[in-house]
Amino acid sequence: MSGGGGAAGRGINVLNVAEKPSVAKSVATLLSRNQGLRVRDGRSRYNKVFEFGYSIRGQPCHMIMTSVTGHVTELDFDDRFRKWNSCDPADLFHAPIRKAVPQDKMDIKRTLEEEAKRSQWLVLWLDCDREGENIAFEVIEICTAANRHLTIKRARFSALIEREIHDAVQNLVQPNKWFSDAVDARQEIDLRIGASFTRFQTMLLTNAFAIDSATSDRSLVLSYGPCQFPTLGFIVERYWEIQSHEPEEFWTINCSYRCDEGVANFNWTRGHLFDYTCAVILYEMCVEESSATVTGVRQQEKHKYPPHPLNTIELEKRASKYFRMSSEQTMKVAEELYQAGFISYPRTETDNFSARTNLLAIVQEQQSHPTWGPYAQRLLDPNSGLWRNPSNGGRDDKAHPPIHPTKYSAGENSWSQDHHRLYELVVRHFLACVSQPAVGAETTVEIDIAGEQFNASGRVIIAKNYLDVYRFESWGGSVIPTFTSGQQFIPTTLTLDSGVTRPPPLLSEADLLNCMDKAGIGTDATMHDHIKKLLDRYYATKDQNTRFSPTSLGEALVMGYDDMGYKLWKPNLRAMMEMDMRAVSEGAKTKDEVLETCLQQMKACLLDARLNKQKLMEAMALFFERSTQLERDDQHVIRGYVRVCSLCRDSNMLLKQNRDGNYFVGCQGYPQCRNVVWLPGSVSEAVVTTGICGSCTPGPVYKIQFKFRRLEIPPNYDVAHLGCIGGCDDILRQLTEICGTGSRMAARVQPPTPHSSSVPRRNNAQVAPCIYCRQTGHSSSNCPSQIVSPKKSRSRQGSTGNGESSISCTTCGASCILRTANTANNKGRKFYSCQTQGCNFFAWEDSLGTGARGGRATPSSVNPSISFSGRASGNSVWGRGRGSQGVFVSATGDPVTGRCFICGDPSHFANVCPNRNT
DNA sequence: GCAAGGTC
């Protein structure tokens, strides 16, 4: 069929590319039959280049075989969208993206380019799944850019077996664009959803709450991903199920009979009753009856079947169950055993052996093993009747066979205990798969006492078969005495027993993998990564029994989205995406169609989540304190990101508070960039929101929720104000003018020059134009029209006749009355206020014409309060939907009814219960 | 500083 091995001779150069170095080596070895095979280094130290002669359908070829290591390119946003504060997270749904070769893959790219230039054919040996097909197109892209005359061919193989490989190379096909398109769509959707939601929730919550975790050494990222979040959802859902479980007492009647032959324990056919009175009545009837009557004896042969052939998820589940190995560790060890040639490819969905697999040969290899060798010998003996063709688990990824041993080993010196265990599991599992099921004889006896039915059963194992080798499973059996129908006996014991219902256990790693597998979350190669990510993100913890609980952070996030009504933490979204991907890979839908509908929906979801962010905040507030103090630089408390600097356009503008408590928005690039916007001195509190100004550029400019001290602002201004520092906000501008700022420079009297280079000038660059003359280029405090000598000032002011003077309102032109303040902070201080209803003009007399107009005279005596709290509106319902006994928490956190549902204590609620497992 | 998917 082929002309493998030997010298290359003349012929075309064929560049062969595999998905990983090990496959390149295997394929090269198999095709060359290890004759005339030369190896040299490529640009990448991991990816060798093999060369040998071969002939494809009679065409002499010089084969050049190399590899990549998975994907060569990565998808990411254009540079200008890469910085977290560079854009509105919602923009990430349509921001330009590009595929690029990351730095650590550049040497692989160079090897491909160099080899492509001297080749006529390109043969793709990537794994035969969707991801493999996508990588094939990445390789095509790189190679054809270097040599556009290349003839492109795809080798399809399902195992690294000599015959398969020779077949594949003699029957080359074309790569499948639909498969590749499905992966492109998946990548784009994952990136856009992941990045947008991660930025949204991280920026919203990490600054707003004091999230205590082991993260003090690095900044906390609250990531969202279409796989990690549903995985968290499973953990939280089970946790809530347990939390909401109410123990309920039940009663059951048990009966036993002991004789020379042994004991039979009879179970009540009713199971159990929750009604005590009813149970007592039935029990008393049984007690009064003198004897039990056997109403039936059944004997049946039962089988316990060996497991299906082993795929990745099953390997992870069983290693977790039998050895308590984490899925991550299992995959690490399995990969090493695979690399060393002891087991087959460990990342496979397939749990069905193809008819072409030589199963006998695999068993034969294991015959000499000291422990399971004798069992393998029995299997091979036709007289033993132990052999049975393996069952079909119904899954096939068309790329790899089930995991099975590929090389005999009695254990290597370099192996750890985990290597020994895992190899043993793979071998024993394989031997079990090709074995007969265990056979048992089961006897069921039914009796009647006073009209109540009871039954007991016993089992005798007739043939252990596969259980002889699969030591991880057992089949309990008990022998019961012989009974005959119609027989009567007096029970040895007859008791009324009580029990209590129990909640289900926390999810184990095997349970979690099961949930993910059923819902299609992740791939066999990545499921363990998603589980690990939850631990890394402090969303969940794993106890000694490999059982998972959510942390407060994980629970709060899921609760927040749940309260919004979005099932983002449910697996449905991923399942729908997976269906779409399948449709693309089958040509039923196009990539663009799927992208458009999916991204449109998810963008709407993000926008809605932003509108309802209060729900997230409320959920977080149940578990975390509001952060009172955030990051600090040398001089200031940093209160949040506002915008990209409008001056240097490079650094971020942050809302900060100086030591005197005054707020300003300054450029992080200080002192190189000195851009600053000072805020009114009357601000008692300022919090950056996720709201974005619709008009100020360059955007996004995040709005700030201000709270002003009532007594320091004119009465016609609201205490609360959602403002923008980008220049569009009239109210903020007016209050800055009226109250002055906390800038030390601004507090001084400014020289009356319109070209002052002091800090307020920058301030004015942001808050322009001047409120007096509506001109830009100077501050209102320096307005030439307002700067007058005291004498001149007085002469401009008319007398009101009652001892008070007046000026003209610069806003509406009406007359302003000079009045005397009578407030705690400004007692006796004079101010002008406009008499026109609805006009906001207000000015302190002593500040007219200075840079310190209306500045704070004394520290506020007003107790600052939180501008919006986590429980500001509506009732939060603790435990809603998670059980019938949820405890209600009012808007203020006070109880409405009830008690802690964890420990029952009426003095506190479940969210602060000391017994709460956080 | 974001995802999930390959793989070393």
Side-chain angles (χ1 to χ4, degrees), chain A residues 18-25 42 44-48 67-77 81-87 89 91-93 95 97 99 102 104-105 107-108 126-139 179-180 182-204 206-207 215 217-231 331-332 334-336 338-339 345-347 399 516 520-533 536-537 568 573-574 577-578 581 599 602 606 641 652:
Chain A
E19 189 159 320
K20 39 193 164 275
S22 60
V23 171
K25 186 181 179 185
S44 149
R45 50 193 279 246
Y46 301 111
N47 306 80
K48 307 282 184 203
S67 55
V68 291
T69 44
H71 284 285
V72 192
T73 59
E74 273 177 11
L75 194 65
D76 211 339
F77 296 104
F81 292 91
R82 297 273 277 276
K83 279 194 175 177
W84 275 43
N85 295 313
S86 62
C87 67
D91 292 344
L92 297 176
F93 281 98
I97 50 173
K99 272 191 173 184
D104 62 339
K105 295 286 176 75
D107 42 11
I108 291 177
L126 295 125
D127 291 358
C128 296
D129 52 19
R130 292 208 297 245
E131 296 294 333
E133 214 65 20
N134 189 265
I135 300 169
F137 278 88
E138 293 176 9
V139 172
F179 267 44
S180 174
V183 172
D184 279 342
R186 198 247 334 130
Q187 286 178 341
E188 188 171 337
I189 290 169
D190 286 345
L191 175 66
R192 292 189 188 280
I193 294 177
S196 57
F197 274 89
T198 299
R199 289 186 194 181
F200 159 68
Q201 63 186 27
T202 303
M203 294 196 286
L204 176 69
T206 51
N207 283 344
T215 57
D217 54 330
R218 61 187 169 91
S219 59
L220 189 67
V221 174
L222 307 187
S223 65
Y224 176 88
C227 286
Q228 53 177 276
F229 233 63
T231 306
M331 291 314 290
K332 182 174 169 282
E335 177 68 25
E336 285 164 9
Y338 161 69
Q339 295 288 348
Y345 190 70
R347 289 181 284 274
M516 295 170 77
I521 301 298
T523 69
D524 38 75
T526 60
M527 280 183 190
H528 64 277
D529 284 336
H530 301 313
I531 295 174
K532 183 167 182 290
K533 180 142 280 177
D536 291 346
R537 294 283 188 226
L568 286 171
L573 174 67
R574 192 67 185 178
M577 278 168 60
E578 185 53 37
M581 298 310 111
L599 292 177
M602 288 309 293
L606 178 76
Y641 167 84
N652 297 326

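Computation of the quantities below employed the complete heavy-atom set of this structure, encompassing side-chain atoms and omitting hydrogens, waters and symmetry-equivalent molecules. To find a chain, count down the sequence lines: A is the first, B the second, and so on, and within it residues start at 1.
A salt bridge between A:Lys99 and A:Asp184 is present, with a side-chain N of the basic residue lying under 4.0 Å from a carboxylate O of the acidic one.
Looking at residues two or more places apart in sequence or on another chain, you find a side chain to side chain contact (heavy atoms under 4.5 Å, CB included) between A:Asp190 and A:Arg186, A:Pro226, A:Arg574, A:Met577. Applying the salt bridge (Lys or Arg N to Asp or Glu O under 4.0 Å) criterion to A:Asp76, with sequence neighbours excluded, gives A:Arg82. A:Lys20 meets the salt bridge (Lys or Arg N to Asp or Glu O under 4.0 Å) test with A:Asp127; sequence neighbours excluded. Residues that satisfy the side chain to side chain contact (heavy atoms under 4.5 Å, CB included) test with A:Ser223, not counting sequence neighbours, are A:Thr198, A:Val221, A:Gln228, A:Arg537, A:Tyr539.
With the nearest nucleotide of DNA chain B identified for both A:Asp104 and A:Phe229, A:Phe229 has the one nearer the 5' end. If you find the closest nucleotide of DNA chain B to A:Thr73 and to A:Asn85, the one lying nearer the 5' end belongs to A:Asn85.
Under 4.0 angstrom from either OP1 or OP2 of B:dG6 there lies no side-chain N or O belonging to A:Arg186. For B:dA3, one of the phosphate oxygens OP1 or OP2 lies less than 4.0 angstrom from a side-chain nitrogen or oxygen of A:Gln228. Look at A:Arg537 and you'll find a side-chain N or O under 4.0 angstrom from OP1 or OP2 of B:dC2. Of the side-chain N and O atoms in A:Arg574, none sit less than 4.0 angstrom from OP1 or OP2 of B:dA4. The shortest distance between the side-chain N/O atoms of A:Thr523 and the OP1/OP2 oxygens of B:dG6 is below 4.0 Å. Contact annotation: A:Tyr224 side-chain N/O to B:dA4 OP1/OP2 distance is not under 4.0 Å.
Distance from the side chain of A:Phe77 is smallest for B:dC2 among the nucleotides B:dA3, B:dC2, B:dG6. Listed candidates were B:dC2, B:dG1, B:dT7. Nearest to the side chain of A:Ser223 is B:dC2. Nearest nucleotide to the side chain of A:Lys105, out of B:dG6, B:dA4, B:dC2: B:dG6. With distances taken from any side-chain atom of A:Asp127 to the nucleotides B:dG1, B:dA3, B:dT7, the minimum falls on B:dT7. Side chain of A:Asp190, nearest nucleotide from B:dG5, B:dA3, B:dG6: B:dA3.
Near-neighbour residues of DNA chain B inside residues 524-532 of chain A, defined by a heavy atom below 4.0 Å, number-ordered: A:Ala525, A:Thr526, A:His530.
The aromatic rings of A:Tyr338 and A:Tyr345 sit perpendicular to each other, their planes meeting at more than 60°, with 30° as the lower class boundary.
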*Could you write out DNA chain B as a dot-bracket string, with dots for unpaired bases, | for bases paired across to another strand, and Watson-Crick or G-U pairs counted at under 3.5 Å?*
........
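We find that CD of A:Gln201 is positioned 10 Å from P of B:dA3, with the value rounded to whole Å. A:Leu75 places its CG atom 14 Å from the P atom of B:dG5, with the value rounded to the nearest Å.
Rounding to the nearest 0.5 Å gives a distance of 9.0 Å between CE of A:Met516 and OG1 of A:Thr523.
You can call A:Trp84 stacked on the base of B:dG1; the centres are under 5.5 Å apart and the planes sit within 30°.
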